[in-house]
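Worksheet for the structure shown next.
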Amino acid sequence: MKIKPICSVYLYFFIKSFDAVKTTRKVEEFVRKVGGFQMMYADSYMTRAEFREMFDHTLYDRMRLKFNCEGCFPEVYDKINKSSRSGTS
């Protein structure tokens, strides 16, 4: 069993020129590039395709289809993505 290192990065600034969306998207891109995962307690600005790239949805999609979840329950992406929650995606 190969153990991967864990690294937590917190972006919290009081600088007026700090662009949270732009910076978070850069971090999300890096995390996907190195095969990491973003914790879902933080805001996410990934597109649906980027989110599916980060997280394997094979079993998730199969179970949603098997138990007829479409239209009954929102997808995980819709729960965690800030623009999706606000209706602007």
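Note that the structure is predicted; figures quoted are calculated from it, not measured. These numbers come from the heavy atoms of this one structure, side chains and all, not from hydrogens, waters or symmetry mates.
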Do you reckon V27 sits in the same ILVMFWY cluster as M54, going by side-chain contacts under 4.5 Å, direct or chained?
yes

Heavy atoms, side chains only, cut-off 4.5 Å: are F55 and V76 in contact?
no

T47 side, atom OG1; Y77 side, atom OH - distance, nearest 0.5 Å:
6.0 Å

Return the minimal non-hydrogen interatomic distance between D43 and T24, and the atom names on each side.
O-CG2, 4.1 Å

Separation of E28 CD from K26 NZ (nearest 0.5 Å)
13.0 Å

Let me confirm one number: the CG-CD distance from N68 to E70, rounded to the nearest 0.5 Å.
8.0 Å

With a cut-off of 6.0 Å (strictly less than), are more than 12 heavy atoms of other residues, nucleotides or ligands near CD of E53?
yes

Rest of the hydrophobic cluster containing M63 (Ile/Leu/Val/Met/Phe/Trp/Tyr, side-chain heavy atoms under 4.5 Å)?
L59, F67

Each residue besides F73 in its hydrophobic cluster should be listed here, by chain and number; the cluster joins Ile, Leu, Val, Met, Phe, Trp and Tyr at side-chain heavy-atom distances under 4.5 Å.
none

Could you check if a side-chain atom of R48 sits within less than 4.5 angstrom of a side-chain atom of D78, using non-hydrogen atoms only?
yes

Measure the OG1-CZ distance between T23 and F18 for me, rounded to the nearest 0.5 Å.
4.0 Å

Pairwise distance CD1(I80) to OH(Y41) - rounded to 0.5 angstrom:
13.0 Å

Is any side-chain heavy atom of R32 closer than 4.5 Å to one of M46?
yes

Under 4.5 Å between any side-chain heavy atoms of M40 and Q38, yes or no?
yes

Rounded distance [0.5 Å steps], CE in M39 versus OG in S44:
12.0 Å

Partners of Y60 by ring pair (Phe, Tyr, Trp, His ring centres under 6.0 Å), sequence neighbours excluded?
H57

